[in-house]
Amino acid sequence: MSEDLILDTKDESNAKDRREISAEWRVPIKGKLHKIEFEHGTASGKRVLWINDREIFRRDWMFKLVGDDVFTLDDMKCVIRVDPLSGFKYKYSLSVDGKPFEQFKENQAKAMKTWKTVVDGRPYRIVLEKNTMNIFLNGILVEENGEFVDDGTDTTFSEHGNTFVLSIRTSGNKREGLLHTLTVNGISVPELVD
């Protein structure tokens with residue numbers, strides 16, 4: 001989704017769970033992908049914040065329909081801003097750690113490598129934080145066994161009887177840098193590109 005969302009009607013697809021989502025973002029932090037949903041009642045001023053389907057706050061009967069809502073996500077300050085537009089429309093924007101959402105997301109993409117796969121019906125999301133070399137499997141920091149090999153490293157970890165190997169090699173090209181590849185049970189997994 002884009003950084004700024006403009007909506008002027010209720011999201012009828014969420015009527016079954018009684019949520020009237022005005023804006024939604026997927027925020028990658030520390031190997032996890034957080035779903036942020038924001039409800040904004042344009043008649044009542046009601047505001048509700050949901051993170052990963054858990055209600056974080058609810059404000060009913062607010063007279064001011066615009067302004068900021070501040071919250072914390074994994075120790076990072078986040079702000080949802082509601083701005084008015086003409087014709088009873090509103091613009092919703094998110095900032096994370098002091099950066100507009102799109103800029104934050106781009107910075108995270110540069111700092112991380114991500115792979116997604118399904119093995120034996122189980123979904124896996126593997127994230128490498130390049131600056132710390134931490135590896136997260138479905139949002140949980142994994143204990144891994146790393147070893148030096150010719151031209152790089154192989155890091156091995158297991159989950160549900162599956163063997164994951166993250167290989168890091170030099171490309172031989174200064175501009176290209178390091179090459180990161182992941183295999184699960186010997187089968188190559190393509191890197192996720194947003």
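By the salt bridge (charged side-chain N to carboxylate O under 4.0 Å, His left out) test, K35 pairs with D53, sequence neighbours left out.
Side-chain N or O atoms of T156 include none that pairs as donor or acceptor with a backbone N or O of V165 at under 3.5 Å. In this structure a side-chain-to-backbone donor-acceptor pair under 3.5 Å is present from R125 to G31.
Here the side chains of I29 and M112 are not in contact, with every heavy-atom distance at 4.5 Å or above. Taking 4.5 Å as the limit, every side-chain heavy atom of K32 sits out of range of all side-chain heavy atoms of I140. Annotation: side chain of V127 is not in contact with side chain of K113 (no heavy-atom distance under 4.5 Å). Using a 4.5 Å cut-off on side-chain heavy atoms (C-beta onward), F71 and I36 make contact. In this structure, Y124 and L137 have side chains that are in contact, with non-hydrogen atoms separated by less than 4.5 Å. Between K91 and V82 there is no side-chain heavy-atom pair separated by less than 4.5 Å. In this structure the side chain of I135 reaches within 4.5 angstrom of the side chain of L166, judged on heavy atoms. The closest side-chain heavy-atom distance from L94 to V79 is not below 4.5 Å.
The nearest pair of heavy atoms linking S171 to G177 is OG-O, 2.6 Å. In this structure, P123 and V118 approach most closely via the heavy-atom pair CA-CG2, 4.0 Å. Taking both residues in full, the closest heavy atoms of P28 and L33 are given as N-CD1, 3.8 Å, listed atom of the first, atom of the second, then distance.
For the residue pair E39 and W50, a side-chain donor N or O sits within less than 3.5 Å of a side-chain acceptor on the partner. For the residue pair D154/S167, the side-chain donor-acceptor check at 3.5 Å is satisfied. Defined by atom type and a distance below 3.5 Å, a donor-acceptor pair is present between the side-chain atoms of H40 and Y92.
L141 contributes atom CG, which lies 5.0 Å from atom CZ of F136 (distance to the nearest 0.5 angstrom). Distance CD1/I51 to OG1/T72: 9.0 Å, rounded to 0.5 Å. Interatomic distance, E37 CD to I80 CD1, rounded to the nearest 0.5 Å: 10.5 Å. Interatomic distance, OG1 of T117 versus CZ of R122, reported as 13.5 Å (0.5 Å rounding). Distance check, rounded to the nearest 0.5 Å: CG of D150 to OG1 of T170 gives 12.5 Å. How far CZ of F101 is from CH2 of W25: 8.5 Å, rounded to the nearest 0.5 Å.
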Start with the C-alpha distance between K46 and R58, add both sets of side-chain angles, then the distance that settles side-chain contact (heavy atoms from CB on, under 4.5 Å), and finish with yes or no.
CA-CA 7 Å; K46 172 182 86 169; R58 175 180 295 269; 4.0 Å; yes
Go through the steps for L49 and F57 under the test side-chain contact (heavy atoms from CB on, under 4.5 Å), then give the verdict.
CA-CA 5 Å; L49 175 68; F57 68 71; 3.5 Å; yes
Please walk me through it: do R81 and D68 pass salt bridge (charged side-chain N to carboxylate O under 4.0 Å, His left out)?
CA-CA 4 Å; R81 180 160 184 81; D68 295 348; 2.6 Å; yes
Show your reasoning for whether side-chain contact (heavy atoms from CB on, under 4.5 Å) applies to T114 and I126.
CA-CA 6 Å; T114 305; I126 303 93; over 6 Å; no
Go through it in stages, so that I can follow the logic: the residues are D74 and H34, the test is side-chain contact (heavy atoms from CB on, under 4.5 Å), and I'd like the CA-CA distance, side-chain angles, deciding distance and then a yes or no.
CA-CA 10 Å; D74 272 342; H34 300 279; 3.1 Å; yes
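Applying the side-chain hydrogen bond (donor to acceptor under 3.5 Å, both in side chains) definition to pairs two or more places apart or across chains, those involving residues 175-188 are N162-N185. Applying the side-chain hydrogen bond (donor to acceptor under 3.5 Å, both in side chains) test to pairs two or more places apart or on separate chains, those with a residue in residues 134-144 are T132-N134.
Cluster annotation: L179 and V149 are assigned to distinct hydrophobic clusters (Ile/Leu/Val/Met/Phe/Trp/Tyr, side-chain heavy-atom contacts under 4.5 Å, transitive). In terms of hydrophobic clustering, with Ile, Leu, Val, Met, Phe, Trp and Tyr side chains grouped at heavy-atom distances under 4.5 Å, F164 and M133 are assigned to a common cluster. Note on V184: it clusters hydrophobically with L128, by side-chain heavy-atom contacts below 4.5 Å among ILVMFWY residues.
For R47 and D69, the salt-bridge test passes: some basic side-chain N is under 4.0 Å from an acidic carboxylate O.
For N173, the CG atom counts as densely surrounded, since its 6.0 Å shell holds more than 12 non-hydrogen atoms of other residues, nucleotides or ligands. By the 6.0 Å contact criterion, NZ on K130 is enclosed, its count of non-hydrogen atoms from other residues, nucleotides or ligands being greater than 12.
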